[in-house]
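The structure under discussion appears below in the form of structure tokens.
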Amino acid sequence: MRRKVIAGNWKMNMLPNEAIKFIEELSAQVKNTSNEIILCVPYTDLFYSLLTVQNTNIKIGAQNMHWEEKGAYTGEISGQMLKSIGVEYVIIGHSERRKYFAETDETVNKKIKSALQNELKPIVCVGETLEQREAGNHENIVRNQVKLALEGIQSEQLEKIIIAYEPIWAIGTGRTATSNDANEMIKTIRNEVANLYSEEVAQKLIILYGGSVKSENSKELFSTSDIDGGLVGGASLKPDEFAKICLSV
Ligand code: PGA
């Protein structure tokens, strides 16, 4: 049985005092769950969040990193830097980064490798646009994103990786993929991983759904055969709402 994972993606929201208050409120509500709970917070909240989650079952992730260890990359943060303060997870290749910050399948691949080298666990985002779905290309697009993201990654490293399927048309739009559509796409991803590695590796891989997940739809989504949890944006900004999602399965 794969574990359930619920990851919040705060995006560019929450000041440190808000982060601390949020974590205090959330941790009291989720302390008895065996689901894995991750909060991916802005860089400026990382240190405060790491201190506040001590003695709780909440884990902390960043939302991006650079693939080089150090050097002349003004404004960037490396995997080594994240690891040095105790960060455990890092989102890589979120569609907003691909869209606004010129992230490509190639940079995604470099970042995943660097994250693994630094013992960070990458949450790798893939997903199609509305045009690609309407043209019927979504399966090929997402299969290809998975293949390029994982190029040169060894099968034993897959245990440290989480994939998040996030159809771009469902992100922040209130338009959720149906649980059936999302589950089918996640099966497609699992199938691609089985082709690239083995059925055993594919069956162990944690694959999340993201895109307008909220407490009203999380149970249905997370109860399907292949969806192992969610990457939650907007609905992760309110502790009560996010707690409900964390406890929905
Ligand atoms: P959303 O964002 O839940 O607000 O749609 C999800 C994401 O971008 O990870």
Side-chain angles (χ1 to χ4, degrees), residues 4-14 18-19 22 26 35-43 45-46 49 58-65 87-103 108 111-112 115 121-130 132-133 138 141-142 145-146 149 161-179 181-183 185-186 189 206-222 224 227-249:
K4 293 288 181 200
V5 177
I6 294 97
N9 172 13
W10 283 355
K11 308 191 178 185
M12 198 171 71
N13 294 290
M14 297 281 212
E18 295 168 325
F22 180 104
L26 177 70
N35 296 336
E36 184 167 17
I37 299 171
I38 306 164
L39 289 173
C40 296
V41 308
Y43 291 134
D45 291 338
L46 282 172
S49 301
I58 301 171
K59 295 170 176 172
I60 296 298
Q63 299 172 8
N64 179 39
M65 58 172 270
V87 173
E88 192 170 337
Y89 282 93
V90 58
I91 296 176
I92 291 182
H94 190 277
S95 62
E96 285 151 17
R97 297 219 50 93
R98 293 181 192 248
K99 181 173 173 196
Y100 302 126
F101 303 99
E103 198 127 317
V108 166
K111 289 181 181 194
I112 296 171
K121 298 177 194 157
I123 302 174
V124 182
C125 301
V126 296
E128 81 283 358
T129 63
L130 189 57
Q132 289 165 338
R133 177 162 277 259
H138 49 291
I141 298 277
V142 170
Q145 284 176 340
V146 170
I161 295 179
I162 291 177
I163 293 188
Y165 166 60
E166 299 207 304
I168 293 167
W169 46 271
I171 295 178
T173 57
R175 192 177 156 182
T176 321
T178 64
S179 55
D181 282 353
N183 194 42
M185 279 302 283
I186 287 178
I189 293 172
I206 301 290
I207 311 180
L208 311 179
Y209 166 77
S212 298
V213 173
K214 38 188 182 286
S215 58
E216 294 95 79
N217 57 26
S218 55
K219 187 181 174 64
E220 189 185 332
L221 286 160
F222 303 167
T224 53
I227 304 179
D228 301 321
L231 182 57
V232 186
S236 74
L237 294 170
K238 295 201 180 99
D240 295 351
E241 168 69 359
F242 189 60
K244 274 192 208 155
I245 297 171
C246 293
L247 300 176
S248 64
V249 276

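Residue numbers count from 1 along this sequence. What you see below is based on every heavy atom in this structure, not just the backbone, and it leaves out hydrogens, waters and symmetry mates. Counting starts at 1 for both ligands and their atoms, following the listed order.
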Does [X] use its side chain to pair, donor to acceptor, with the backbone of [Y] at less than 3.5 Å?
X      : Y      : value
Lys4   : Val249 : no
Trp10  : Pro42  : no
Lys111 : Met65  : yes
Ser212 : Gly174 : yes
Tyr209 : Ser218 : no
Asp45  : Glu18  : no
Glu166 : Gly127 : no

**Report entry** Ser212 touching ligand 1 at heavy-atom level, < 4.0 angstrom
**Finding:**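 So Ser212 counts as touching ligand 1.
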Query raised in the report: Should Ser236 be listed as contacting ligand 1, given a heavy-atom distance under 4.0 Å as the test?
Result: no
Of all the non-hydrogen atoms in the protein, which one sits nearest to [atom], and at what distance?
atom                   : answer
atom 2 (O) of ligand 1 : Lys11 NZ, 3.3 Å
atom 9 (O) of ligand 1 : Glu166 OE2, 2.7 Å
atom 4 (O) of ligand 1 : Gly234 N, 2.8 Å

Requested in this report: May I ask you to check if ligand 1 and Gly233 share an N or O to N or O distance below 3.5 Å?
Outcome: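 Between Gly233 and ligand 1 (N or O atoms, distance only) the closest approach is under 3.5 Å.
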Query - Short N or O distance, Gly172 and ligand 1, threshold 3.5 Å exclusive - result: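 For ligand 1, there is an N or O atom that lies under 3.5 Å from one belonging to Gly172.
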Atoms in ligand 1 flagged as close to [X], the criterion being non-hydrogen separation under 4.0 Å:
X      : answer
His94  : 7 (C), 8 (O), 9 (O)
Ala170 : 5 (O)
Gly211 : 5 (O)

Query raised in the report: Which one holds for Asn9 and ligand 1: side chain close, backbone close, both close, or neither close, with close meaning a heavy atom under 4.0 Å?
Result: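 Contact part for Asn9 vs ligand 1: side chain (C-beta onward).
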Query raised in the report: side chain to side chain donor-acceptor pair (under 3.5 Å) with Ser215: which of Lys244, Glu241, Lys238?
Result: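 Considering Lys244, Glu241, Lys238, a side chain to side chain donor-acceptor pair (under 3.5 Å) with Ser215 is found only for Glu241.
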